[in-house]
Participant: 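Quick one: the structure is below, and I'll ask about it shortly.
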Amino acid sequence: MRALQALVEPARVHRDVYTREDIFKLELERIWGQAWVYVGHESQVKAPGDYLTTHIGLTPVIMVRDMNGKDINVLVNRCGHRGAQVCQARSGHANGLFKCPYHGWTFHTDGSLRSQPSPGGYQDVGFDRNAAAFGMTPVARTEQYRGFVFSSLAATGPELTVFLGQMCATIDNMVDRAPTGEVEVTGKTCHRFRHPVNWKFFTENLHDAMHPMVAHAGTSDAVRQYLEQLPPAHEPLPEAEVIAPFGGSYHFFDEMGFVGLPRGHGYMGGKTSIFSHYQVYPDYLQAMEQAYGRERTEEILSFNRHNGLIYPSCTIRDNIQSVRVVIPVSVNETIIESWTFRLKGAPPAMLQRTLRYSRLINSPASMVGPDDLDCYIRIQQSAAASAIEWIDMQRHFGRETRDGERQQAIGTSDLALRNQYTAWLEYMT
């Protein structure tokens, strides 16, 4: 414990947290094995038997709609016989059962054992077919919040809403932006972006407001130059609406501010964000006011958080209806998945903007994401080569304000990093 505590100081963190295999294994046990981790959305398993496969840390799991049509189960994706992975398809329909491809054992959608071939071989040998160990084991806990499904590998710990705390408001706002009060994942695929770096670089970067005007300067400058060449009467370009804020000034990001919350959660913005300048489509506004009334609509649409981090597993952009999921693979490899959502009852232009944003910002071939990855790789290589010993986190150190469990600072403060490593150390020790 003392060795771990020595890696995190109040305003800096040691390179070992990104490079040591033993620390990564402890993270799997003490962070990914304890926290509530985002698994998926209920709309991805609409019908009884529908399933989605993913991981909690390195543990392969299946999210499946039970045959009763109501429950959503999250099962460890392993056969209770010899441990073979049962499902390899990313999504599908189980037709009431899962079948192991090795010896043909079958399981109900609640994970219990259904049958095994030639059952006579198990008579009078002490085999208990009802023993949980021979099924596909459900994860320790699974709960939903407004259709968003989280699971924990730990049998004990805070309830989901306690864990989420003030991040519930980010999920609420995303759902409330739908005129019908419901959202759904679009399609069965996502942007899957493999990062050859430690998972923490991604979560750190979410609220790093010092890098956009540097790392993304080439993109924002190119867009600005292109716009200047257009004739004055040219219609606004929807791509420019998405790209322009990434070239914002330090003052712009300072004004957004950052809020740090317990357990490593946090968000930028509140009153303003990079989405504040987005146009409001008249037909969308009309649909919202018909559903909620003008006052409530203004309240919903003025909610301007950016990159709501639910540590350690996902970030939600409620304004643009996307969720990015963190899946650690090894000490220096991470998968980032970007899922887009549709606001039910909203005009098609809203979904088109969501897809446009994901394509321009989040995809592996986007105009922004690869800039970030290039920077992560540079730091990872330096840390692995011992070219740097400590990672600095002292910008605006000690200038944050506290209100109960909330900490607040200007947008370019390193409070976001310090808040995450406070949580990291609490989990790890």
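Quick caveat: nothing in here was measured; it's all calculated off a predicted structure. Throughout, residue positions are numbered sequentially from 1 according to the sequence presented.
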Participant: Checking salt bridge (Lys or Arg N to Asp or Glu O under 4.0 Å) for the pair R324/E337: CA distance, chi angles, key distance, verdict?
Facilitator: CA-CA 5 Å; R324 287 187 289 174; E337 294 186 343; over 6 Å; no
Participant: Return yes if some donor-acceptor pair links the side-chain N/O of Q321 with the main-chain N/O of T354 below 3.5 Å, else return no.
Facilitator: no
Participant: Before you tell me yes or no, could you show the steps for N73 and D66 under side chain to side chain donor-acceptor pair (under 3.5 Å), namely the whole-Å CA-CA distance, both residues' side-chain angles and the distance that decides it to 0.1 Å?
Facilitator: CA-CA 7 Å; N73 304 316; D66 197 88; 2.8 Å; yes
Participant: Aromatic rings Y18 and F201: how do their planes relate, parallel, tilted or perpendicular, breaks at 30° and 60°?
Facilitator: parallel
Participant: So, do H195 and F193 have ring centers that fall under 6.0 Å from each other?
Facilitator: yes
Participant: Should the pair D172-R146 be classified as a salt bridge under the 4.0 Å nitrogen-to-oxygen rule?
Facilitator: yes
Participant: Between H14 and W390, what is the ring plane arrangement, given parallel below 30°, perpendicular above 60°, and tilted in between?
Facilitator: perpendicular
Participant: Is E400 paired with R418 through a side-chain N to carboxylate O contact shorter than 4.0 Å?
Facilitator: yes
Participant: Sequence neighbours left out, what passes salt bridge (Lys or Arg N to Asp or Glu O under 4.0 Å) with E42? Give chain and number order.
Facilitator: none
Participant: For G157, does its backbone N or O pair with a side-chain atom of R141 as donor and acceptor, under 3.5 Å?
Facilitator: yes
Participant: Identify the two heavy atoms, one from P196 and one from L373, that lie closest to each other, and give their separation to 0.1 Å.
Facilitator: CD-CD1, 3.9 Å
Participant: Using the side chain to side chain donor-acceptor pair (under 3.5 Å) rule, take Y376 and N205 through it: C-alpha gap first, then chi angles, then the decisive distance, then the call.
Facilitator: CA-CA 9 Å; Y376 308 160; N205 184 70; 3.1 Å; yes
Participant: Are any of the side-chain heavy atoms of M63 and Y51 separated by less than 4.5 Å?
Facilitator: no
Participant: Would you call R224-D221 a salt bridge at under 4.0 Å N-O?
Facilitator: yes
Participant: Heavy atoms, side chains only, cut-off 4.5 Å: are Q34 and L153 in contact?
Facilitator: no
Participant: When the ring planes of Y38 and F150 are compared, do they come out parallel, tilted or perpendicular, using 30° and 60° as the limits?
Facilitator: perpendicular
Participant: Walk me through it: do R65 and D71 pass the test salt bridge (Lys or Arg N to Asp or Glu O under 4.0 Å)?
Facilitator: CA-CA 6 Å; R65 175 80 64 173; D71 297 330; over 6 Å; no
Participant: Does the pair E426/R263 count as a salt bridge with the N-to-O cut at 4.0 Å?
Facilitator: no
Participant: If you measure from the Lys or Arg side-chain nitrogens to the Asp or Glu carboxylate oxygens, is any gap between E184 and K46 under 4.0 Å?
Facilitator: yes
Participant: Can the ring centroids of F341 and F148 be said to lie less than 6.0 angstrom from one another?
Facilitator: yes
Participant: Could you tell me whether E241 and R353 make a salt bridge, using a distance below 4.0 angstrom between a side-chain N and a carboxylate O?
Facilitator: yes
Participant: Classify the ring geometry between W199 and Y311 as parallel (under 30°), tilted (30 to 60°) or perpendicular (over 60°).
Facilitator: tilted
